[in-house]
Amino acid sequence: MERRIRIGLIIDFLSSEYTELLIEGIKECGHRMNADVFVLQIGQLENPSENFDYQCFAATAFITKNHLDGIVFVSAIENHFVSEKTLLSYIKKFSKIPVVNITEIIPDVPSIVSEYEIAYTSLIEHIIKDVKARKFLIITVDDKSDEVVKREKCIKKVFNQYHISYEKQVVIKSLFSYSKCMNSLTKYESENPSAKYDFDAIIALNDDMAAAAIDFFKVRGVDIPEKVVVVGFDDMRKAKLNNPPISTVNQKVFEQCYVASRTLYDMIFDKKVPPVQIIQAKGILRKSSNAENYFRVIQNNEYLEIDRAALAGSQSVYSAAEWYKKKTNLFRAAKCLLEMQSSTNKDNMFNLMDNYLNSFEITNFAIIAYEKPKVEKAMFKSFNLPSKANLFFYVNRKENVVYRYSSDEKISFNPNNDFLPEEYSNFAHNPILTVPLFVGETQYGYSVFHGGKFTKKFCRENLKCYLCRPKILFDNR
């Protein structure tokens, strides 16, 4: 049976809401175009961290015409540790199949770009001109990626316009995460015990950091937004659900990925596509900047809008800490899968798989084990798939199919030809997520899965005891 068109999305990790929105965008396009969607988690290019995240890059081995008909690349999440030249060389390496890039203009690669400069400068100008803020805490990132530099330039541009010295503001450098920002604020406090929290406004380079700042200062008795207003960037769902909801910039991540996927689909069928497509971002005002006071002020500003639903209290409100507990099962499962990579041996790794399959209700799942595990002792720029692998475990809940590895019923295949053996390649749902399975320096194979619901009985009868005994696979090759 001829397979459907396959479009792929290349991401760093599955455990962020940004990647979740990207996946929703490509999923929606795949549904409309009758295409299968594969998401490959490759980690961050050349990340020098001391753990084994570099092993995730093995997933790039599936970026071939045998596996996919085209890919969507997201340069903004892969440019933190590489130069522009190196990033371009990576993208060009994948260009044996059609490629579309998101967030930056890449020469000779169709690019989808969010134009947020006007919206961001409008938001900051509103805080200065209308809210009358003059003293700022700026929470930026210790990173010189294009995105960080561009956002900082927007802030400096507006400050200069209103004769506010950027250098005289309190600037804290952190990372794009709630926990890291909380740590950076705590460190700043310990190093500056006499510091006065007399800011008029806090500008954070993303919503996670804005949420951390809100929680940090509320605990210390700083009234937000009555005394200090806060703005973020990205407009992730947590920005709406935070207490108070966060004023931010919506880059329309879902729309970016949808347009990129639709463009990729056209390229696969040799249709002419624009070299660059611009999606206009918008500033969103909410409670964290006292938005209810400025309806009339911004009513004619096409780059700013007030989130009336958030002000009306029609959405549930949680603290940032509570939001992280509300992640979908699929992404909690993915995070669990990442954490298990630090297991001391393969037995522990498969035991953990058994636990999370039961806990997170995965509907379709396959584990593929290489005939001979591969050792990668250092960061690599390419990964060569072994020519022989065994299907270890396969579940398709919709079709009620379960396969369990045994030495008497071995299903071997060449993973260079496809993700799964031909008779098992028809997964019931999109998107299909592919994640390398490794322990330390050793690559054992990969998983292919889709999240959903198992019945407890199905899990108990068909999963229990098979994933927790991986030695049956490795002892009988």
Side-chain angles (χ1 to χ4, degrees), residues 10-15 38-64 67 81 90 333-357 362 365-394 403-407 410-421 433-449 463 465-477:
I10 310 305
I11 61 170
D12 53 354
F13 298 107
L14 292 165
S15 51
F38 284 77
V39 179
L40 305 182
Q41 175 187 275
I42 71 168
Q44 292 178 320
L45 299 178
E46 299 189 11
N47 186 340
S49 63
E50 295 181 359
N51 57 27
F52 297 97
D53 284 352
Y54 69 87
Q55 294 276 32
C56 294
F57 193 67
T60 59
F62 297 109
I63 307 175
T64 74
H67 300 90
F81 303 100
Y90 272 115
K335 184 175 184 295
C336 183
L337 180 59
L338 287 177
E339 291 171 350
M340 74 175 63
Q341 307 302 349
S342 61
S343 301
T344 55
N345 56 56
K346 57 183 177 292
D347 290 9
N348 288 344
M349 181 176 71
F350 282 102
N351 277 328
L352 285 168
M353 282 184 181
D354 182 29
N355 291 334
Y356 95 72
L357 279 170
I362 306 299
F365 193 90
I367 299 173
I368 295 85
Y370 301 136
E371 185 74 10
K372 294 182 179 180
K374 294 192 66 174
V375 175
E376 298 286 351
K377 293 188 176 182
M379 194 178 299
F380 49 89
K381 293 188 176 181
S382 63
F383 182 82
N384 296 319
L385 287 168
S387 60
K388 192 172 183 180
N390 297 310
L391 182 63
F392 176 46
F393 197 84
Y394 176 91
Y403 167 81
R404 312 165 184 122
Y405 176 92
S406 72
S407 56
K410 218 186 221 187
I411 297 179
S412 300
F413 73 107
N414 185 347
N416 291 281
N417 297 330
D418 207 343
F419 293 96
L420 293 167
L433 310 175
T434 303
V435 181
L437 297 178
F438 56 88
V439 175
E441 297 175 343
T442 305
Q443 291 270 349
Y444 286 98
Y446 55 94
S447 64
V448 181
F449 64 95
L463 296 181
C465 299
Y466 290 97
L467 291 178
C468 60
R469 292 183 296 176
K471 296 186 70 173
I472 64 171
L473 173 65
F474 295 98
D475 291 347
N476 292 285
R477 273 200 294 262

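Quick note: numbers below take in every heavy atom, side chains included, and nothing from hydrogens, waters or symmetry partners. We count residues from 1, following the sequence as given. Quick caveat: nothing in here was measured; it's all calculated off a predicted structure.
Nearest heavy atoms, Asn416 versus Pro386: ND2-O, 3.1 Å. Scanning all heavy atoms of the two residues, the minimum distance from Cys56 to Phe13 falls at SG-CE2, 4.0 Å. Residues Pro415 and Leu385 share a closest heavy-atom pair of O-CD1, 3.7 Å. Residues Glu46 and Phe81 approach most closely at O-CB, 3.5 Å, considering heavy atoms. Listed here is the closest heavy atom pair of Thr442 and Val375: OG1-CG2, 3.9 Å.
A distance of 12.0 Å separates CD1 in Ile63 from OG in Ser382, rounded to the nearest 0.5 Å. Annotation: the span from Lys374 atom NZ to Glu441 atom CD amounts to 14.0 Å, rounded to 0.5 Å. Between atom CD of residue Gln41 and atom CG of residue Leu433 there is a gap of 9.0 Å, rounded to the nearest 0.5 Å. The CZ atom of Phe380 lies 7.0 Å from the OG1 atom of Thr60; values are rounded to the nearest 0.5 Å. Here the CD1 atom belonging to Ile42 is positioned 12.5 Å from the OG1 atom belonging to Thr434, to the nearest 0.5 angstrom. Note that CG of Asn47 is 12.5 Å distant from OH of Tyr54, once rounded to the nearest 0.5 Å.
Listed for the Gln55 side chain is a donor-acceptor partner under 3.5 Å among the backbone atoms of Gly440.
Phe413 is not listed as a side-chain neighbour of Asp418, based on a closest heavy-atom distance of 4.5 Å or more. Counting heavy atoms from C-beta outward, Glu376 and Phe383 have side chains that approach closer than 4.5 Å. With contacts defined as side-chain heavy-atom distances shorter than 4.5 Å, the pair Lys388/Ser412 qualifies. Put simply, the side chain of Gln443 reaches to within 4.5 Å of the side chain of Pro436, judged on heavy atoms. Counting only heavy atoms from C-beta outward, the side chains of Phe419 and Ile368 never approach each other to under 4.5 Å. Using a 4.5 Å heavy-atom cutoff, the side chains of Lys410 and Asn390 are in contact.
Here Phe438 and Phe52 keep their ring centres 6.0 angstrom or further from each other. Between Phe62 and Tyr446, the ring center distance clears the sub-6.0 Å criterion. Less than 6.0 angstrom separates the ring centroid of Tyr90 from the ring centroid of Phe57.
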